[in-house]
Amino acid sequence: DTRPELVRSLTASLRQHHPALALQEGGSPGPAHDLVVNATPCGMAAQDPLPFSLDQAAPGAVVADLIMKPAMTRLLEAAQARVHRTHAGPPLLESQVALVARAFGLGI
């Protein structure tokens with residue numbers, strides 16, 4: 001994310017629930033990273049720069065992008081070109097709809 005307070009909040013929550021998980025805030029992924037997530041707005045427009053370099057990402061790492069539109073961002077295209085597994089934003093949102101509806105007491 002581009003907002004440091006949200007990055008700190010997310011990593012604090014992940015560390016609380018998964019203390020053995022190795023985390024890195026910001027920067028480009030290295031060979032020890034199995035999962036790389038773009039939570040920035042970079043990728044919403046075609047001319048946006050990549051949010052980080054994938055040059056050193058672990059072979060076979062999963063690269064996820066939280067961008068909804070376009071579903072196939074430049075980051076995901078770059079990841080596929082490097083033979084990384086990818087996860088686009090829309091399925092991430094779709095998997096949460098029922099949970100959000102339940103939290104608001106809606107029967108979906």
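Throughout, residue positions are numbered sequentially from 1 according to the sequence presented.
- Using modelled atom types, no side-chain atom of Arg85 and backbone atom of Val63 make a donor-acceptor pair closer than 3.5 Å.
- Closest approach of Pro59 to His84, counting heavy atoms only: CA-CE1, 4.3 Å.
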Exercise. Test side chain to side chain contact (heavy atoms under 4.5 Å, CB included) on Asp48 and Thr73 and set out the steps.
Key: CA-CA 10 Å; Asp48 285 349; Thr73 62; over 6 Å; no
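- Within the model, atoms CD of Glu77 and CZ of Arg82 stand 12.0 Å from one another, a figure rounded to the nearest 0.5 Å.
- A continuous path of hydrophobic side-chain contacts links Leu106 to Val100 [ILVMFWY only; heavy atoms under 4.5 Å].
- A heavy-atom distance below 4.5 Å is not found between the side chains of Asn38 and Leu76.
- Annotation: side chain of Val37 is in contact with side chain of Leu66 (closest heavy-atom distance under 4.5 Å).
- A continuous path of ILVMFWY side-chain contacts below 4.5 Å connects Met72 to Leu75, so both sit in one hydrophobic cluster.
- Pro90 approaches Ala71 most closely through the heavy-atom pair CG-CB, 3.8 Å.
- Between the side chain of Ser13 and the backbone N or O of Leu10, no donor-acceptor pair lies under 3.5 Å.
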Quiz item: Leu21 and Arg15: side chain to side chain contact (heavy atoms under 4.5 Å, CB included), yes or no, with the steps?
Solution: CA-CA 7 Å; Leu21 188 64; Arg15 284 187 176 113; over 6 Å; no
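- Looking at heavy atoms from C-beta onward, Asp65 lies out of side-chain contact with His87 at the 4.5 angstrom threshold.
- There is no path of hydrophobic side-chain contacts, each under 4.5 Å, that joins Leu23 to Leu6.
- Side-chain atoms of Val36 and Phe52, non-hydrogen and from C-beta on, do get closer than 4.5 Å to each other.
- Within a 6.0 Å radius of CE in Met44, no more than 12 heavy atoms belonging to other residues, nucleotides or ligands are found.
- Checking side-chain atoms of Ser9 against main-chain N and O of Glu5 turns up no donor-acceptor pair under 3.5 Å.
- What you find for Cys42 and Pro51 is that their closest heavy atoms are CB-CB, 4.0 Å.
- Lys69 and Ile67 get closest at one heavy-atom pair: O-CG2, 3.4 Å.
- Listed here is the closest heavy atom pair of Thr86 and Gln80: OG1-NE2, 3.3 Å.
- Closest heavy-atom contact between Thr11 and Arg8: OG1-O, 3.2 Å.
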